[in-house]
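Only heavy atoms go into these numbers, but all of them, side chains included; no hydrogens, no water, no symmetry mates.
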Amino acid sequence: MAQYSAQLDGVFVALADPTRRGVIRRLGHGPTSVGDLARDFPMTLPSFMKHLRTLESNGLIRTAKSGRVRTCVLNRERLALVDGWLAEQRRIWEERTDRLESLVTDPKENQQ
């Protein structure tokens with residue numbers, strides 16, 4: 001996972017903001033226009049666009065323009081990067097707690 005460090009850092013930075021997490025949550029239901037997304041957040045459109053640019057530059061969303069409407073789509077593959085990292089962390093900690101449990105409950109281990 002070390003080779004994905006810069007990508008993973010960018011994804012976590014993008015997800016650190018509640019507005020951006022809200023956008024991700026909303027796009028989880030399907031593609032949505034920028035205008036429809038912006039209505040859910042109490043800020044100016046230029047401020048909201050900064051959030052979208054952060055999400056897009058870190059690969060979490062894609063946007064496409066059709067006429068005058070820009071539509072945002074969630075990039076689920078990019079979220080898989082976070083899922084993979086979390087699975088690795090979960091495995092590491094489960095192994096550690098299993099070893100600790102074995103050490104605490106197995107008298108043979110305690111004598112060594």
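- Counting only residues at least two apart or in different chains, ring-ring contact (aromatic ring centres under 6.0 Å, His included) contacts with residues 26-47 comprise F41-F48.
- Residues C72 and T63 are in side-chain contact: their nearest non-hydrogen atoms beyond the backbone lie under 4.5 Å apart.
- Using a 4.5 Å heavy-atom cutoff, the side chains of N58 and V13 are not in contact.
- The closest donor-acceptor contact from the side chain of D17 to the backbone of T19 lies under 3.5 Å.
- Shortest non-hydrogen contact noted between N75 and G59 is ND2-O, 2.9 Å.
- The stretch residues 19-37 participates, sequence neighbours left out, in these salt bridge (Lys or Arg N to Asp or Glu O under 4.0 Å) pairs: D36-R39.
- Under the 4.5 Å side-chain heavy-atom criterion for ILVMFWY residues, no single connected hydrophobic cluster contains both L79 and V73.
- For T44, the side chain to side chain contact (heavy atoms under 4.5 Å, CB included) partners are P46, S47, not counting sequence neighbours.
- Between V69 and S33, the shortest heavy-atom distance links the atoms CG1-CB, 3.8 Å.
- Residues forming a side chain to side chain contact (heavy atoms under 4.5 Å, CB included) with R90 (at least two apart in sequence, or on another chain): L86, A87, E94.
- Sorted pairs that involve residues 51-71 and meet salt bridge (Lys or Arg N to Asp or Glu O under 4.0 Å), not counting sequence neighbours, are lacking altogether.
- Separation of atoms CG (L15) and OG1 (T54) is listed at 11.0 Å; rounding is to 0.5 Å.
- At a threshold of 4.5 Å between non-hydrogen side-chain atoms, the residues I24 and I61 count as touching.
- In this structure, the side chains of L60 and V23 stay at 4.5 Å or more apart for every pair of heavy atoms.
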